[in-house]
Every structure is written in C-alpha cells, then in structure tokens.
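Scroll down for the structure; my scribbles are underneath it.
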4 protein chains.
Amino acid sequence: MADKRFTGVIPPVVVADTPDGKLDIASYERSLERMIDAGVDGLFVLGSSGEVVFSTDERRDQIIAESKRIIDGRVPMLVGIIDTQTERVIEQGKRALELGADALVATAPFYALCGPEQVEAHFRAVHEALDAPLFAYDIPVCVHSKLGWKMLARLGAEGVLAGVKDSSGDDVSFRYLIQENAKLGHPMSILTGHEIVVDAAYLMGADGSVPGLANIDPYGYVRMWGYAQAGEWKKAIEEQERLNELSHIFDVTSGVTGYGAGVGAFKTALMLMGIFDSNAMLPPVAAQEGENVEAIRGVLDACGML
Amino acid sequence: MADKRFTGVIPPVVVADTPDGKLDIASYERSLERMIDAGVDGLFVLGSSGEVVFSTDERRDQIIAESKRIIDGRVPMLVGIIDTQTERVIEQGKRALELGADALVATAPFYALCGPEQVEAHFRAVHEALDAPLFAYDIPVCVHSKLGWKMLARLGAEGVLAGVKDSSGDDVSFRYLIQENAKLGHPMSILTGHEIVVDAAYLMGADGSVPGLANIDPYGYVRMWGYAQAGEWKKAIEEQERLNELSHIFDVTSGVTGYGAGVGAFKTALMLMGIFDSNAMLPPVAAQEGENVEAIRGVLDACGML
Amino acid sequence: MADKRFTGVIPPVVVADTPDGKLDIASYERSLERMIDAGVDGLFVLGSSGEVVFSTDERRDQIIAESKRIIDGRVPMLVGIIDTQTERVIEQGKRALELGADALVATAPFYALCGPEQVEAHFRAVHEALDAPLFAYDIPVCVHSKLGWKMLARLGAEGVLAGVKDSSGDDVSFRYLIQENAKLGHPMSILTGHEIVVDAAYLMGADGSVPGLANIDPYGYVRMWGYAQAGEWKKAIEEQERLNELSHIFDVTSGVTGYGAGVGAFKTALMLMGIFDSNAMLPPVAAQEGENVEAIRGVLDACGML
Amino acid sequence: MADKRFTGVIPPVVVADTPDGKLDIASYERSLERMIDAGVDGLFVLGSSGEVVFSTDERRDQIIAESKRIIDGRVPMLVGIIDTQTERVIEQGKRALELGADALVATAPFYALCGPEQVEAHFRAVHEALDAPLFAYDIPVCVHSKLGWKMLARLGAEGVLAGVKDSSGDDVSFRYLIQENAKLGHPMSILTGHEIVVDAAYLMGADGSVPGLANIDPYGYVRMWGYAQAGEWKKAIEEQERLNELSHIFDVTSGVTGYGAGVGAFKTALMLMGIFDSNAMLPPVAAQEGENVEAIRGVLDACGML
C-alpha cells in the first residue's frame, strides 16, 4: 500500500529571494510556518516552482538545509532532484539525502532526446542508486516527454516508484494510472499538481495534491482534502471554485509569460500579503511590477486575502 | 569583424567511454589527434553530442582538462556550458574558463518556460559574468525555443555574442541572420551544425560548420571548406554528397531513437574504425549492438571507411 | 440559460460502412436505435469519429438525411459542419440545415494558420450566416489551435454560441469555462468529449457529455448522467470505472494508430457485438483485423459485452 | 526522368478579391500575365497561398477556369487539390482535371490523425483515381505531419508521384530526397517552396522552385534559375539576397499573424504596385491596413519596386 506519509496536501514551496539574489530566509520561514500551521501533510522543496533549475548546487543545498531546519520533522520533506540525465540526477539525490530529504522527486531525462526505454532505465537507475522513496514527476511542459501510465504502474508494482506527481495536464492518462494502481494493490501515492481541478482528481481517486496555489491559501486546500475524505463533494467543489477565483492572479497580468507569470504571481501575492518581503526573481526572470502588481492586488482583495 | 579563430570546420567532439562508465582517455585522444591531423580549425568540447548533459560536473571538468592537454593550443577549444538557467550556466562557464576554454557556447535557458525577453537577458548576463567569446547555441530540439535572428544580430552588434552555432534546422532564419550580420559589419561567426547541408550553408555565407559527422570523416569536411573558400562549388557538392552517404549510419539501425541513434552511431562507427575501443554510452542510454552494429558496418564499408 | 435540449448524453455517432465503401444503412440504423432506446439525450452526427472528414459532400448529405429519418424527432440531432475555413463551413451548415439539423457544431479554422482574432471572427461569421444553435468544437488535436475560455465565454454571453463541445484535454481551461459560464447566467451548454473522465466533468459542472464510447455502451453513460444529477457520486465513479475498463479496446491493439486505432476499435467492437455487419473503414484507413480483432474481443468479453 | 514541364520557376499564384469577397478577375489576370511575361515555367493554382482552403468548391472551380483561360497553354498549370482525406481529395482532383489542370498537387491527409501507412495509402489511392501527374505537397505547418523522404522516393520510383513540392522547412530531409531521387534515375521533379533559400536548394540539386514571392518579383526568380543552370553561383546568391530584402514585407507588420501576415503582405504589395485593385482577404482574415500598409510600402520603396 502507498506510504501514508505521502498523501494529502503537499505544496511545492515557493522560495523567497532578496532583491540582490540571496535566499531570504526570514520570508521563506514565515511561508513554511504558515503552511505547516494550516495543516498541510508535507512540503515539496525544489520543485519546478521552487527555483530548482535557477539555483546553483550550492544554493540548492542551502534551500534544502534551511527547509529541513524549519520543518523540523513536523511533516515529510520531499525534495526535487531535477537535472538533465541519470548521473546528474543521482548526484543531486545523494546530496539531498545527506541533507535530510524524506523522499525524492525526479523527472524524465531532458535536453537529450530519449525514448520510453531510456526513461524507464533512468528511473530504475535512480532508484537503485538512492535509498529513499522515489516519486516520478510527470511534467511534459518542462521535459517535453510524457510518462506513460503503463510504465508508471509497472515501476510502482516493482517497488521502483513510491508515487507519481502528475503535472501532465492529461486527465485521461491520470485516471488510467489511478485505476491501474488500485488494481495492483495501491503501491503508489498518486498526486495531482493541477491546483485548479483538485476536487475532480480526488473524485477520481487521487491520494493527494501538490498545489502551487497552496502557498497563497493553504487553508483552503487543507479543507478541501478533508471534504473529499468525508465524501462531502458539494463543499469540496465550492472550496475549489473559491480557490479558482484566487488563481486569476495568473491571468490578470500582461507582458509576462511562463515562469515569470506563474511563480512571479505567487511571489507578488505573498509580498502583498506581507509574507514575503520582496517578489524578487532569479535571473533571467524579472520581478513583476507596476500595473501587474496592482492587478494581482485586485484579485487578492476581491478574494478577501488582504 | 568576426574572430578568425572561430571559422572553418569545428567538430563537436564525441566522447569515448569504457563499458563501466569511465572516460576512455586513450580512445578520446586518438580521435582528437586524428581530427587535428586532418586540419580542423577548432574543436567544440561538451556539445550536445559530447555527453555534456550526461556528465556530472566532475566529469565535465575531466573532459575539459583532458581536451586541453591533448589539443595543447594547436586549435582553439570551444566549450559547451550547457545548463538549465542563468546562474547555473555562469557557474559552468567559470569552471570551463579556469580549465582553459578559448570560447564558451551556451543555449537558451531550458526546463522553466521563458519568453524572448528572458532569453535575451540570459545571454547578456552570461556575457557580463564571463570574460570570453560567447557563442549562442541555437538548438530548439533540445531546449524547445528558437533564437530569433533579430535578437541574435542585435546581441552580435553590441558585442554580447561572438558567434552563433545554428542547429535549429531553420534555414530561412539562418539566411536572414547571415545577411543581417553582414550588414552590421560581420561581428559574429555564424556556424552551421547541420552536417548534411554544409555546402549550402557555405553558399549562403556561413563562416564555418560544426559537423558531428566530422568525428568520422574530418578529412571530407576540411576539403569541403577549402572548395567553398575557393568557389569550387561542384567539388564541394560532391564532397557533401559523399559524406551524406556516410551519414546513413544514422538511419540503418532500428529500435534506437534520439541520442542513442545519433551519438550511438558515431561511437559505433568509431569503434568499428578502430579509433574507439568501445561504443559504450552513459546511462540511461544503451550502446548499440547486434544487427545495428552490423548495419553501421555495412554503411562504413560501402563508403570505404573500413 | 443553456438550451435544455442540449444537455445530458449526446453520443457522437459512429458510421457503418460496407466493405466496398458504401454507407451500411441497416447497421447504422441498428446502432442509432439502440442508443435512443438506451435513453440518450441527443445524437451528434458527422463528428470527428463520424467520418466527417473522410466523406464527400454527397456522402455527408446522405448521412444527415438517413440520421434524420431514423431519429425522427425523438432526440435532437446535432450535425458537425467540419471544414477548413469560414466560407466552406458556412456552406456545410446551409446543407445541414436544409436536411434537418437541430444544431450545428463547428471547429476553429484549420490548415491555414490563424490567430485568435480570426478564430473569433470565424465563429461570429458562421453564427451570422446560419440560423441555428451553434456549438464550438474545441479539438486541438485535429485543428491545432485551442479555443480560449475567455473567448468562448464572451461568445456565449453575446449569443453567438449555444454551447461548447470540449475535446481539448485541457481540464483547467474547461473548469474556468464552466465557472465563467455560470457567472454569466449559464448561456451555454458545456459538454465534455472526454469519455474517460465524464464523472469528473459532471462534478465540475458540465452540462453533459459527448462520449464516443457510448456507441458501445450507451446504457452506462445514461446511468452515470442520472447518478450525477442525483449527486450519487460513488455510483457515478463506479460506472465510469467500469466503462474505462471497456475503453481498453483502444490500447490492446498494435500497429494501428490515430483514427484507425480509435474509431477502428469502435467499429470492430460494434461488429463483434452484432450491431454492425462489418468494421470497414474509409480510405486511407484500413479495417482492423486478425489479432487486433481478437484483442478487442477479449476486452468485450471481460467486460461482459458479448 | 522527371517531366521537363515541371522544372524551373512555378509560382503559387496569389488570388485577387474584391472587397465584397468576389474574385477580382481583372487584377488576377494582370498578375498572371505579368508572371508569364517574366518567363516563369509554370503556375501553381490553388496552393496554400492561393486561398484554396478559404474557397468553396464553386469558387475553386471559378479560379481554375479563369486561370485556364488566362494561361491559355503558355505554361503548365498545376492545381492544388487540398482537402482533408482521400475521397474528398479525389473529388477535388476530378473537378480540376475536367477544368484543364496539367498536374495535381495533394498534401498528406489532415484533421483526422494518420500514421505513415495511411499517408502512403492515400497517395496511392489518389494516383490510382486520377489520370494526371501527381505532386506530393509536403507542408507540415498546415497538415501537421512530415512526408518521409524514403516514402517519397519509393512512390516516385513506382510512378505514383511525378514530383514533390517541399515546404517542410527540413533541408536535411530535402537533401536526402534529392540524392535518393538521383540514384533512382531522377523520376521526380523536386521543387522547393522556400523562397528565401532557393539558391541553396538549386545548389543541392532541386529541379525548381515554387516561391510565393515570385508573385511580387517574378523577374528575379527567373533570373536566379538561369544563373543556377549556368553555374553562376555568385550571381544567384546576389539575386537571392536582393529578393530576401524584399521578403521583409512579411516581418515589418505588427498585430497580424499566419496567413494574414504572409498572404496579406503579398496582396498588399500587389495593391501598392498597382497590380491588384485591392488587398482584400477572404473571411475570417482581415485585409492589412494603416501602418502595416505603410510599412510594406517602405520595404517596396527601399527595394525599388514602386
């Protein structure tokens, strides 16, 4: 059966920076404390929205070490070991484990083109080299290949994977994976990264969620998980719909795209809510400013978050 | 005017490994010596076909150091500083310069989604942080964004870029870039990475080429550059057509894809030609074997390379 | 408020052919009668799985006329007017209306590249030219552009669109559309085409579904709609999971892809179930045969459909 | 050997419309006469830039009939029979032949997803049904699949295809096709649609070109073909570079994309040059106006075309 430590709401934590590019530890600590207070079930450090690919190895180590200190064993800490190919991923994993990761999260290889055989060999090699629960992170928008549900189920059944974090946007594949995982005795935790349709993912049988928006409103996602567990679908839907209104911080801005629009909106909201001191981004991404900040303020205000 | 050190034939060097994943220095040295003997104008270390994304930082350092030792100043050494985003790329660049790189080659940021503004900011930041000629490596098949020719020309005119290595497969954009670079006083070296149509790239005005296939037949590419310089287009075409027959080592295999098919074919050919001791690949890619090796032998034989 | 005629289960009807490429009217009639008997709320003729792009105009007319005759007003008949650009789509629409369509279903323009302004102008022009409820068919896998939910909501509010058939696979956009449509007073019927996750779509607030798999088991989809209306989510999920097992007729075959794998599996299943006389496909697609037919028989058997 | 009627410069003709959407025969005739006077070797009617997918069948017939009347046998007339799948393409082909087409040009099937087997079966079926030289039109940007060079060569060797019009942007595949066609005894005419790199295509061995820009400057393309035939590559390059300056009519506009930017620029240029009475486009595309028209005028002026 899937490891119970890895179910429920596990936000991918957004990192706070100072305007000169240093880790802003005080701001970061406020945000993590707030999510733990809200009752999240785990924290995912160095995910795609956690600056993992923008951070040098030294900085990655600092983020893991500070997270470990702050979390202090209250909830499990999952750590993203995102790098291009197998040997580099394993190296990231070794350092993460030395620094106290409770579980590791790896994507398919990227940059060099691989077929499905290489992707499967990659997860097997990473699992073999690292003594910790391993999650497959399915995020084709970043790595440009989709993890097949049949392969994921096979790796789960064999004990290679402890779970899957699905940010693929492919709800059909997600559903097949959930049904197959159940048939196999539920070896994996299947988590959705799609913060806008978490209620539907729970309905389908997801074991939890990894919603970036929980950095802004962890309380709502914690409540929704409770409603889903209790089968109170009407309340779950209402909570999701409320959170979706808040999610328009992503689309009220203009002239920003990709990471700058998404994580940029998170940081700006956290700044406006007094949790982060700054909405600074790491190069080459610029912080949101001017009318975009005001537009995000408008959404937060309308949602009663200020 | 474009730096004359970076024109002509600059092969992206394929790396030799032992079956247990170590750098096979003796094989690697044989291959580099052979290319220098053939008269290549430079060597590009840690390019996409040079295992850059498969190598840990430690191994990258080893490859650069050994290359430096072998090349010994006879031709310029360009080094790929391929990593996900700006700070990580700069860190790769610093180490490469300490180890003796003559020029650096960086792609657009990848994994996290960026718009053109971020890509331009990225190259400016990398240039500012690193005191060496910087080449932009346009390789959308790996990084999933195309470098716009107007941006490249602008960065060339301002001295940010010393050149472009084009592996985009977009010959229209390549042509516009060449014409614009000429109008601006030819500040950049424009190199093509498309080994199959190098003659045509020279006709359009390219300053050189970065052909992976020159690992197999450097002599042919060196001759073709000479013919093009002399305006002997008929001979250049014949040379290219001969090399293209040899390039079928890429497509006579079956069941292998992507990096395993491309670089795998290079390594297998070098092994069959007695230059590499092994055609081993780094994880998660498997070496070619059995009928695929025989198919490649057949192509080499038909082309008189054995 | 959304037109009540266009809610619930509206299968996209699969067409029966004779082996020599003629419409097999007897088989087609059996299938339509079976779906109407099962209690479907409407039928969608000449959808993507209804051979629309494989059929000449003459054949399209025949399919509409026969469908009209068979349906005989018992449920509404929606007709796909799929063609490349505005004037051709309008022409398809005029003929469909003359032949008795109750509503029309059009995609974004395709083949020639268009931006969002052209797509919006297209739907406005089609609506203006044709006096019937118009559905936007969002199917990027076929037309290679995604319909933005803000545009769809705007066209709904203005009375241009009566509804949306969503086959985009983008559940986030689908959710935003449902919430926005609700805020605007629910002018449109929002239907999902994703047969595997219909329960989740109903949970989100979808007004109905257009499941191809309802050609095989209309009873299950009709029951699921009832459960969802009654808030009996546990039963809805169980029904969906059962239908999903049946859906493996799509992925037990080998050597067939795209339309041949999808619609080919539908036709083969209908043949094995005795509803169609043949599983013939129109050129250039070949009918499934041999082991693929047996594999589909195995799935049907395991699901108690034989 | 390739049919000599289908070599050299064969422009895809741009169609003239009146502002109320009628064919502007007088303007169209001026443009065709001008191209024939310039010495083009053929004319390609109803290509992607010839409004084929925007035109109803009735209008397509009118365009073919008027073209036939105007051309009057002076050069061969190739006609695009662009439609979604096999039966519809054959129907377009029958009508085109009745109206006097000398050769037919068909793409891969589109809208419904097909694999390479279906694409090959499609060309075989179209060839079998239509008694005329058949060209394969390789245009993945519109049909979203690439025609493999091995398949094209095979179909050429068997007499299914008389030639290929390559608008794929894949110069590597194009080169392989040319070499393979030569080895097979040159059964096909291989034509490039990439107007910006025609000189390079001729160097590689292309049998001709189908440049949209020849609607604006047919004289330049005719001269370039002559230079290439004579091996005067320096002159060919200069001609191409001059034409490329003219091609910036595509990228000096803003707020227009795709077909509206490309064919819109052609029509606007022809209007400014006094050849077309209007730059009207068919729905849903709007004609260029205001500053965009002035920007195009600026390019034409700088190139001495006014």
Side-chain angles (χ1 to χ4, degrees), chain A residues 21 48-60 82-92 94 107-126 128-129 139-145 255-263 281-286, chain B residues 21 48-60 82-92 94 107-126 128-129 139-145 255-263 281-286:
Chain A
S48 297
S49 50
E51 300 199 337
V52 64
V53 295
F54 295 90
S55 299
T56 61
D57 285 357
E58 186 185 3
R59 189 187 157 94
R60 290 189 185 197
I82 314 300
D83 215 321
T84 45
Q85 297 280 339
T86 307
E87 291 298 332
R88 293 184 65 87
V89 170
I90 289 172
E91 199 175 73
Q92 298 288 353
K94 285 181 179 163
T107 69
F110 52 95
Y111 188 90
L113 301 181
C114 287
E117 292 79 10
Q118 283 76 50
V119 174
E120 185 161 349
H122 170 76
F123 283 115
R124 291 185 189 281
V126 171
E128 211 156 295
I139 187 158
V141 73
C142 290
V143 305
H144 301 278
S145 69
V256 290
T257 55
Y259 193 84
V263 177
M281 307 290 286
L282 292 187
V285 184
Chain B
S48 297
S49 50
E51 301 199 336
V52 62
V53 294
F54 295 90
S55 300
T56 61
D57 285 357
E58 188 185 1
R59 189 187 156 92
R60 289 190 187 196
I82 313 301
D83 215 321
T84 46
Q85 297 280 338
T86 308
E87 291 297 333
R88 292 183 66 87
V89 170
I90 289 171
E91 199 175 74
Q92 299 288 354
K94 285 181 179 162
T107 69
F110 52 94
Y111 189 90
L113 301 182
C114 287
E117 292 79 9
Q118 283 76 49
V119 174
E120 185 160 350
H122 170 75
F123 283 114
R124 290 186 190 282
V126 171
E128 211 155 293
I139 186 158
V141 74
C142 291
V143 305
H144 301 278
S145 70
V256 290
T257 54
Y259 193 85
V263 176
M281 307 289 286
L282 293 187
V285 184

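Naming: A, B, ... by sequence-line order, numbering from 1 per chain.
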Contacting region of [X] [heavy-atom separation from chain A under 4.5 Å]:
X        : result
B:Gln118 : both
B:Pro283 : both
B:Val141 : both

Query raised in the report: Judged by modelled atom types alone, do A:Tyr111 and B:Ser48 share a side-chain donor-acceptor pair under 3.5 Å?
Result: yes
What residue, out of [options], has the most heavy-atom pairs lying under 4.5 Å from chain A?
options                      : value
B:Ser49, B:Ala112, B:Gly115  : B:Ala112
B:Glu117, B:Glu87, B:Arg88   : B:Arg88
B:Ala125, B:Ser55, B:Ala121  : B:Ser55
B:Thr56, B:Ile139, B:Val126  : B:Thr56
B:Cys142, B:Pro109, B:Cys114 : B:Cys142
B:Val143, B:Asp57, B:Val285  : B:Asp57

Query - Chi angles and distances behind the side-chain contact (heavy atoms from CB on, under 4.5 Å) call for B:Gln92, B:Val52 - result: CA-CA 11 Å; B:Gln92 299 288 354; B:Val52 62; over 6 Å; no
Report task. Tell me, for A:Asp83 versus chain B, whether the close heavy atoms (under 4.5 Å) come from the side chain, the backbone, both or neither. Result -> side chain
Query raised in the report: Measuring heavy-atom distances to chain B, does A:Ile90 have an atom under 4.5 Å in its side chain, in its backbone, in both, or in neither?
Result: neither
Requested in this report: Give the member of A:Val119, A:Leu282, A:Ile82 that has the highest number of heavy-atom pairs under 4.5 Å with chain B.
Outcome: A:Ile82
**Report entry** Value rounded to 0.5 Å, distance of CZ in A:Phe123 from OG1 in A:Thr86
**Finding:** 9.5 Å
**Report entry** Residues forming a salt bridge (Lys or Arg N to Asp or Glu O under 4.0 Å) with A:Glu120, sequence neighbours excluded
**Finding:** A:Arg124, A:Arg154
Query raised in the report: By salt bridge (Lys or Arg N to Asp or Glu O under 4.0 Å), which residues pair with B:Glu51, not counting sequence neighbours?
Result: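 B:Glu51 satisfies salt bridge (Lys or Arg N to Asp or Glu O under 4.0 Å) with B:Arg59, B:Lys267 once adjacent residues are dropped.
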Query - Minimal non-hydrogen separation, B:Gln85 against B:Phe110, with atom names - result: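 The pair with the smallest heavy-atom distance is NE2-O, 3.2 Å.
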Requested in this report: Mind telling me whether B:His144 and A:His144 have parallel, tilted or perpendicular rings, with 30° and 60° as the class edges?
Outcome: parallel
